[in-house]
Structures are given as C-alpha cells and as structure tokens.
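Working notes, beginning with the structure itself.
Side chains are part of it too, since the values below use all heavy atoms of this structure and drop only hydrogens, waters and symmetry mates. All values reported here derive from a predicted model rather than from experimental measurement.
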Amino acid sequence: MTTNHILEIPQYGQSIWMDNLTRDLIESGELKRMIEDRGIKGITSNPAIFEKAIAGNKIYDADIEKGIRAGLETYKIYESLIFDDIRHACDIFRPVYEASKGLDGYISIEVPPTIAHDTEATINEARRYYQEIGRENVMIKIPGTSAGLPAVEQVIADGINVNVTLLFSVDSYVNTAWAYIKGLEKRAAEGKDISKIASVASFFLSRIDSNIDKRIDEKLKAGVESINVEAKLRAVKGKVAIANAKIAYQKYKEITQSDRWQALAAKGAKVQRLLWASTSTKDPNYSDVMYVDELIGPDTVNTLPPNTIEACADHCDVANRIETDVDQAYQLMENLKDPDINIDIDRVMDELLTEGIEKFVQPFQSLMKSLEEKVKQLAPV
C-alpha cells in the first residue's frame with residue numbers, strides 16, 4: 001500500500017481541509033472516503049466552486065423542479081440547492097467535529113459576494129445562513145474587507161463560526177485577528193459561552209506569487225541594465241507568498257501571547273487558526289506542493305483542491321517549516337522596496353482583494369444566469 005503523506009501532517013498541529021464541494025461527492029460516498037482515506041478534516045466552498053458544481057449538472061434537476069413547483073424565485077432555488085449540500089456535508093463531517101472537540105469538521109459557505117462592501121447586509125445574511133442551515137459545524141465565510149471586519153466582530157459576538165476569507169496582506173490578517181478577539185470579548189461581557197465558537201483566517205497564497213511573478217517577468221522582458229539586477233528580480237520570483245505567510249504566522253504568535261487573548265483563552269476560547277488558501281501552484285516550474293510543504297506548523301489549516309490533495313498524499317515532504325527562514329522572509333519583503341525591484345506590496349495586496357471579490361462575483365452571477373436558463377427549461381409548459 002502506498003504512503004499517504006497527508007496523514008503525517010496532523011502530528012505537526014496542522015489540519016488539511018478540502019477546497020471543493022459537489023453533490024456528486026456527497027452522494028457517491030466519495031466525501032466520506034476522503035475523510036477516511038485522505039485524512040480530510042473540513043471543507044471550504046465558494047461561489048466559483050458552486051458554479052462548477054451546479055452549472056450543467058443534471059444531479060440538481062429534481063430539486064430545481066421542486067423549487068419551481070414551490071414557486072421559488074431563482075435565487076431561492078440556488079440557496080435551497082447549496083444549503084442542502086452544506087447540511088449533508090456537515091452531517092458527514094459531524095464525527096470529525098465531535099472527535100476534535102469542535103476544532104475541525106467544519107463546512108464553510110460564503111455570504112453572497114455582491115455584499116462584500118455592506119456591513120449590515122453581511123451581518124444579516126450570516127445570521128440567516130447560520131439559522132437556516134441549522135448545523136453547529138457550519139462556518140460562515142465573510143470577506144476581510146473594511147466593511148467585512150465589523151461584520152465578523154458582530155457575527156462572532158452572536159456565537160456564529162466564521163471563516164474570514166480573501167486575506168492577502170499581513171495587516172489585513174492582524175485586523176481580522178483583532179475583529180475575532182473583539183467579538184469574543186463582546187460575547188464574554190454579556191456572560192455568554194465563548195468556548196464553542198471557531199474561526200479561521202483564510203490567507204491567500206498562489207495569487208500573490210502569480211501577480212508578483214507577472215510584474216517581474218514584465219521587467220525582465222523590458223530589459224534590465226545588469227546581471228546583478230536580473231539576479232535580484234529572479235530571486236524574488238515564487239517566494240513572496242510563502243514569506244508573507246510566515247510573517248503572518250509570527251503576528252499570530254504575538255497576538256495569542258497578548259494579555260487580551262490570554263484572558264479569553266482562560267474562558268475557553270479557541271484560537272483563530274490561520275488557514276492557507278489558494279494553495280494550488282499556478283506555475284508549472286514550481287513544486288505542485290510548495291504551498292503545503294513550506295507552511296506546515298501548529299494551529300494552522302491548509303485547504304487544498306482535489307489535485308493538490310492527491311499530489312500531497314503522493315509526495316509531500318512533511319516537516320514543521322512554518323518558522324524556518326523567518327529572517328529571510330522579512331528580508332525578502334524588504335527587498336521588494338529595492339529601486340531595482342520596486343514592487344509596492346501594499347498596492348499589490350489591494351489589487352488582489354479587489355480582484356478576489358470580482359473572481360467570486362463573476363461565477364456567482366454566471367451561476368444565477370445558468371440557473372435561470374435551467375429554470376426556463378424545466379418549468380412546466
């Protein structure tokens with residue numbers, strides 16, 4: 001029997017979740033098999049994943065027809081489909097949730113990406129999703145925008161599990177960690193239990209390298225004045241996302257050592273784990289598991305698409321590396337300011353957040369459109 005390297009990762013304090021969810025996976029028993037054979041401990045989903053799962057898939061037709069007969073509008077039909085999938089997945093992962101005492105076994109579902117800049121709408125939708133799905137181990141995804149973070153604070157205070165998504169910069173992660181802490185403090189001040197709330201901060205990786213590598217390639221293509229400058233530029237390629245993540249982890253450690261966090265921990269609060277997202281390698285020249293191998297360490301989660309899960313099971317090189325080369329990580333980020341490299345990292349991160357929301361809005365709208373067409377086809381004449 002071949003070795004599955006994913007099963008070696010939990011000894012270093014990291015959980016592997018899967019970044020994928022479809023009804024086929026649920027109904028075929030494949031999702032249950034992923035828990036048993038691959039050691040998967042949770043699921044993340046997003047509008048792009050649901051678009052791929054639902055568009056052109058006949059498995060949903062009977063439920064779409066049921067929605068039509070009930071007189072539901074297209075958006076409500078969409079919700080009925082995804083809420084059902086999320087509930088079933090929550091039930092499949094319930095034993096993981098119970099065995100880990102609420103650390104793992106979560107299924108993440110995102111509030112509509114169209115409300116990413118509306119605090120009140122985000123709070124209302126998060127509450128409604130949590131209520132309607134009706135599972136303790138559901139995690140509501142809220143983007144880490146300036147409007148999203150006050151929503152995170154309130155929703156945590158309400159006792160709802162939150163996955164803060166689309167984090168790119170270290171500052172945005174730090175703000176997210178404090179939003180979680182403020183939410184817990186608010187809840188504790190009301191005398192309510194804070195021990196059953198879980199949260200992850202989803203820190204995105206490959207999109208950072210793709211953006212920066214493209215800028216470096218453009219500079220190299222335009223021509224550089226010396227071999228020394230070329231070497232400086234090439235030294236940065238494919239390195240920024242991991243360096244950025246290692247720095248975020250150092251911030252995580254500082255925050256969890258603070259008095260404010262320690263006071264909450266004494267009341268049973270769970271740490272908000274850093275979750276590495278966008279972990280499939282986009283450049284074929286890089287290792288297909290580099291965003292796994294380099295970021296294994298305590299109190300973290302890595303959510304992997306199916307291809308990366310298989311690659312990691314086959315050839316991940318498992319060791320605790322989250323705190324290796326930290327000085328080099330700080331130096332690399334500093335090097336971006338070098339006039340020869342001249343990459344404004346803050347600008348890159350802002351761009352990625354805007355793009356990230358757009359990358360969820362587009363498939364969401366496209367899915368609504370394809371569902372509308374499907375409703376027309378299946379509607380009784």
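Between the side chain of Asn320 and the backbone N or O of Tyr12, no donor-acceptor pair lies under 3.5 Å. Panel note: side chain Thr281, backbone Ser287; a donor-acceptor pair is recorded below 3.5 Å. At distances below 3.5 Å, not a single donor-acceptor pair connects side-chain atoms of Asp63 with backbone N or O atoms of Leu81. Between the side chain of Lys41 and the backbone N or O of Val96, no donor-acceptor pair lies under 3.5 Å. At least one donor-acceptor pair under 3.5 Å links the side chain of Arg273 to the backbone N or O of Leu103. A donor-acceptor pair under 3.5 Å is formed between the side chain of Asn137 and the backbone N or O of Cys90. Using modelled atom types, one side-chain atom of Thr279 and one backbone atom of Thr303 make a donor-acceptor pair closer than 3.5 Å. Within the 3.5 Å criterion, the main-chain N or O of Ile77 finds a donor-acceptor partner in the side chain of Ser80. Side-chain atoms of Gln262 come within 3.5 Å of backbone N or O of Thr256 as a donor-acceptor pair. No donor-acceptor pair closer than 3.5 Å links the side chain of Gln362 to the backbone N or O of Lys359.
Follow the hydrophobic side-chain contacts under 4.5 Å out from Tyr97 and you never reach Met18; the two are in separate clusters. With hydrophobic clusters built from ILVMFWY side chains whose heavy atoms lie under 4.5 angstrom apart, Tyr249 shares a cluster with Phe203. Cluster annotation: Val164 and Leu205 are assigned to the same hydrophobic cluster (Ile/Leu/Val/Met/Phe/Trp/Tyr, side-chain heavy-atom contacts under 4.5 Å, transitive). Under the 4.5 Å side-chain heavy-atom criterion for Ile, Leu, Val, Met, Phe, Trp and Tyr, Met333 and Ile208 are members of the same hydrophobic cluster. Transitive grouping of hydrophobic side chains (ILVMFWY, heavy atoms separated by less than 4.5 Å) keeps Val200 and Val162 in distinct clusters.
Of the charged side-chain nitrogens involved, at least one lies within less than 4.0 Å of a carboxylate oxygen, so that Glu323 and Lys253 count as a salt-bridged pair. Using a 4.0 Å cut-off between a side-chain N of Lys or Arg and a carboxylate O of Asp or Glu, Glu190 and Arg187 do not qualify as a salt bridge. Electrostatic pairing of Asp84 and Arg87 counts as a salt bridge here, judged by a charged N lying under 4.0 Å from a carboxylate O. Salt bridge absent: Glu373 and Lys369 never bring a charged side-chain N and a carboxylate O closer than 4.0 Å.
By the 4.5 Å heavy-atom criterion applied to side chains, Ile109 and Val138 are counted as neighbours. With contacts defined as side-chain heavy-atom distances shorter than 4.5 Å, the pair Asp37/Asn4 does not qualify. At least one side-chain heavy atom of His117 sits less than 4.5 Å from a side-chain heavy atom of Ile357. At least one side-chain heavy atom of Met349 sits less than 4.5 Å from a side-chain heavy atom of Asn244. Using a 4.5 Å heavy-atom cutoff, the side chains of Leu31 and Phe93 are in contact. Val292 has its side chain within reach of Ile9: a pair of non-hydrogen atoms, C-beta onward, lies under 4.5 Å apart. Annotation: side chain of Asp299 is in contact with side chain of Tyr252 (closest heavy-atom distance under 4.5 Å). The shortest side-chain heavy-atom distance between Thr3 and Glu8 falls under the 4.5 Å cut-off.
In Asn285, the CG atom is crowded: over 12 heavy atoms of neighbouring residues, nucleotides or ligands sit closer than 6.0 Å. Taking a 6.0 Å sphere around NZ of Lys282, one finds it holds more than 12 heavy atoms contributed by other residues, nucleotides or ligands. Within a 6.0 Å sphere centred on NZ of Lys32, heavy atoms belonging to other residues, nucleotides or ligands number 12 at most. Annotation for Lys237: atom NZ counts as buried by contact number, over 12 foreign heavy atoms lying within 6.0 Å. Remark: Glu218 CD is packed, more than 12 non-hydrogen atoms of other residues, nucleotides or ligands lying under 6.0 Å away. Counting heavy-atom neighbours within 6.0 Å of Gln131 CD, excluding the residue itself, gives a total of 12 or less. A 6.0 Å sphere centred on NZ of Lys232 holds more than 12 heavy atoms belonging to other residues, nucleotides or ligands.
Considering Asn20, Val289, Ile309, Asp19 in turn, Ile309 is the only one that fulfils the side chain to side chain contact (heavy atoms under 4.5 Å, CB included) rule with Leu304. A side chain to side chain contact (heavy atoms under 4.5 Å, CB included) with Ile345 is found for one member of Val170, Ile212, Asp350 and no other, namely Ile212.
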- Report the C-alpha separation of Asn46 and Thr165 in whole Å, then their side-chain angles, then the decisive distance to 0.1 Å, and conclude whether the side chain to side chain contact (heavy atoms under 4.5 Å, CB included) test is met. CA-CA 10 Å; Asn46 61 48; Thr165 189; over 6 Å; no
- How far apart are the C-alpha atoms of Tyr130 and Asp158, what are their side-chain angles, what is the distance that settles it, and do they pass the side chain to side chain donor-acceptor pair (under 3.5 Å) test? CA-CA 11 Å; Tyr130 191 71; Asp158 290 346; over 6 Å; no
- Stepwise side chain to side chain contact (heavy atoms under 4.5 Å, CB included) test for Ile322 and Ile296: CA-CA 6 Å; Ile322 191 70; Ile296 294 169; over 6 Å; no
- Test side chain to side chain contact (heavy atoms under 4.5 Å, CB included) applied to Lys374 and Asp61, step by step: CA-CA 8 Å; Lys374 178 74 74 98; Asp61 286 5; 2.7 Å; yes
- Message: If you apply the rule side chain to side chain donor-acceptor pair (under 3.5 Å), what do you find for Thr74 with Lys76, and how did you get there?
- Response: CA-CA 5 Å; Thr74 305; Lys76 285 292 175 193; over 6 Å; no
- Message: For a side chain to side chain donor-acceptor pair (under 3.5 Å) check, start with the C-alpha distance between Asn211 and Arg215, then their side-chain angles and the critical distance, and finish with the verdict.
- Response: CA-CA 7 Å; Asn211 184 301; Arg215 290 164 189 266; 2.7 Å; yes
- Please step through side chain to side chain donor-acceptor pair (under 3.5 Å) for the pair Ser108 and Lys141, ending with a clear verdict. CA-CA 6 Å; Ser108 293; Lys141 272 177 117 170; 5.8 Å; no
- Task: Go through Val361 and Phe364 one step at a time and tell me if the side chain to side chain contact (heavy atoms under 4.5 Å, CB included) criterion holds.
- Result: CA-CA 5 Å; Val361 169; Phe364 177 75; 5.5 Å; no
- Passes salt bridge (Lys or Arg N to Asp or Glu O under 4.0 Å), Lys182 versus Glu185? Steps please. CA-CA 5 Å; Lys182 286 178 202 162; Glu185 286 172 339; over 6 Å; no
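Here the closest heavy-atom approach between residue Leu167 and residue Ala201 is recorded as CD1-CB, 3.7 Å. Residues Leu7 and Gly39 come closest through the heavy atom pair CD2-CA, 3.8 Å. Considering every non-hydrogen atom in both Met290 and Gly238, the closest pair reads CE-O, 3.8 Å. The shortest non-hydrogen separation linking Ile64 to Leu371 is CD1-CD2, 3.7 Å. Residues Pro143 and Leu166 share a closest heavy-atom pair of CB-CD1, 4.3 Å.
In summary, the side chains of Glu125 and Tyr129 do not present any donor paired with an acceptor at a separation below 3.5 Å, with no hydrogens or angles considered. Between the side chains of Ser280 and Thr308, no donor-acceptor pair is found at a separation under 3.5 Å. Remark: the Ser169 side chain and the Asp171 side chain contain no N/O donor-acceptor pair separated by less than 3.5 Å.
The aromatic rings of Phe50 and Tyr78 sit perpendicular, their planes meeting at an angle over 60°, well past the 30° parallel limit. Ring pair Trp17/Tyr106 is tilted by interplanar angle, where 30° to 60° counts as tilted.
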